[in-house]
A.B. asks: 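Submitted below is the structure of interest, expressed as structure tokens.
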Amino acid sequence: QVQLVESGGGLVQAGGSLRLSCAASGLTFSNYGMGWFRQAPGKEREFVAAITWSGVTTYYADSVKGRFTISRDDAKNTVSLQMDSLKPEHTAVYYCAAYHRLRGFTSPTSVSYWGQGTQVTVSS
């Protein structure tokens, strides 16, 4: 049974930072691309960042480039998202994602497994 468990969400003031983590179990972690999506109230789930199974290549939504950094630790089966210079518009539930294949990775339909989500709230 595959489980992705996020942690690290919370309330932060604008300009602050948060680091999200996702612990994976029940899958061969090093075989999967990993990523993060987010969903704000009343909006569709959208792509934030992804990292290849090797960790060599990363991808970001234009809206977070230069602010967010995705990384993975295969020894710990974890993927992290460092979020800096946060803005109120970054407020959303953030979801960890595992991809069997990274083709079409910006689409939620390409995700093989989802975490339960963690709330990030950025106050102005």
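The residues of the chain are indexed from 1 along the displayed sequence.
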A.B. asks: Go through Thr118 and Leu20 one step at a time and tell me if the side chain to side chain contact (heavy atoms under 4.5 Å, CB included) criterion holds.
C.D. replies: CA-CA 8 Å; Thr118 185; Leu20 305 182; 4.0 Å; yes
A.B. asks: Checking Gln116 against Glu6 for the side chain to side chain contact (heavy atoms under 4.5 Å, CB included) test, could you report, in this order, the C-alpha distance in whole Å, the side-chain angles of both residues, the deciding distance, and whether it holds?
C.D. replies: CA-CA 7 Å; Gln116 82 287 352; Glu6 300 98 335; 2.7 Å; yes
A.B. asks: Any side-chain heavy-atom pair from Phe37 and Phe47 closer than 4.5 angstrom?
C.D. replies: yes
A.B. asks: Does one side chain, of Ser17 or Asp84, offer a donor that lies under 3.5 Å from an acceptor on the other?
C.D. replies: yes
A.B. asks: Name the orientation class of the two ring planes belonging to Phe105 and Tyr99 (parallel below 30°, tilted from 30 to 60°, perpendicular beyond 60°).
C.D. replies: perpendicular
A.B. asks: If you measure only the distance, is there a donor-acceptor pair under 3.5 Å linking the side chains of Gln39 and Glu46?
C.D. replies: no
A.B. asks: Less than 4.5 Å apart, any side-chain heavy atom of Ser21 and any of Thr78?
C.D. replies: no
A.B. asks: Please work out whether the ring planes of Tyr94 and Phe68 are parallel, tilted or perpendicular, with thresholds of 30° and 60°.
C.D. replies: tilted
A.B. asks: So do Gln119 and Thr91 actually touch side chain to side chain, heavy atoms under 4.5 Å?
C.D. replies: yes
A.B. asks: Determine the minimum heavy-atom distance between Val111 and Ala97, stating which atoms define it.
C.D. replies: CG1-CB, 3.6 Å
A.B. asks: Shortest non-hydrogen contact from Leu81 to Ala49?
C.D. replies: CD1-CB, 4.1 Å
A.B. asks: Ignoring hydrogens and geometry, is there a side-chain-to-backbone donor-acceptor pair from Ser107 to Gly104 under 3.5 Å?
C.D. replies: no
A.B. asks: Inspect the surroundings of CZ in Arg19 and state if more than 12 heavy atoms from other residues, nucleotides or ligands are less than 6.0 Å away.
C.D. replies: yes
A.B. asks: Excluding sequence neighbours, so at least two apart, what forms salt bridge (Lys or Arg N to Asp or Glu O under 4.0 Å) with Lys65?
C.D. replies: Asp62
A.B. asks: Would you name the heavy atoms of Val93 and Gly117 that are closest together and state the gap between them?
C.D. replies: CG1-CA, 3.8 Å
A.B. asks: State whether the side chain of Arg72 and the backbone N or O of Phe29 hold a donor-acceptor pair below 3.5 Å, judged by distance alone.
C.D. replies: yes
A.B. asks: Please name the pair of heavy atoms, one in Ala50 and one in Leu102, separated by the smallest distance, quoted to 0.1 Å.
C.D. replies: CB-CD2, 4.3 Å
A.B. asks: Ignoring hydrogens and geometry beyond distance, is a side-chain donor-acceptor pair present between Ser80 and Gln82 at under 3.5 Å?
C.D. replies: no
A.B. asks: Which heavy atom of Trp36 sits nearest a heavy atom of Ile70, and at what distance?
C.D. replies: CD1-CD1, 3.7 Å
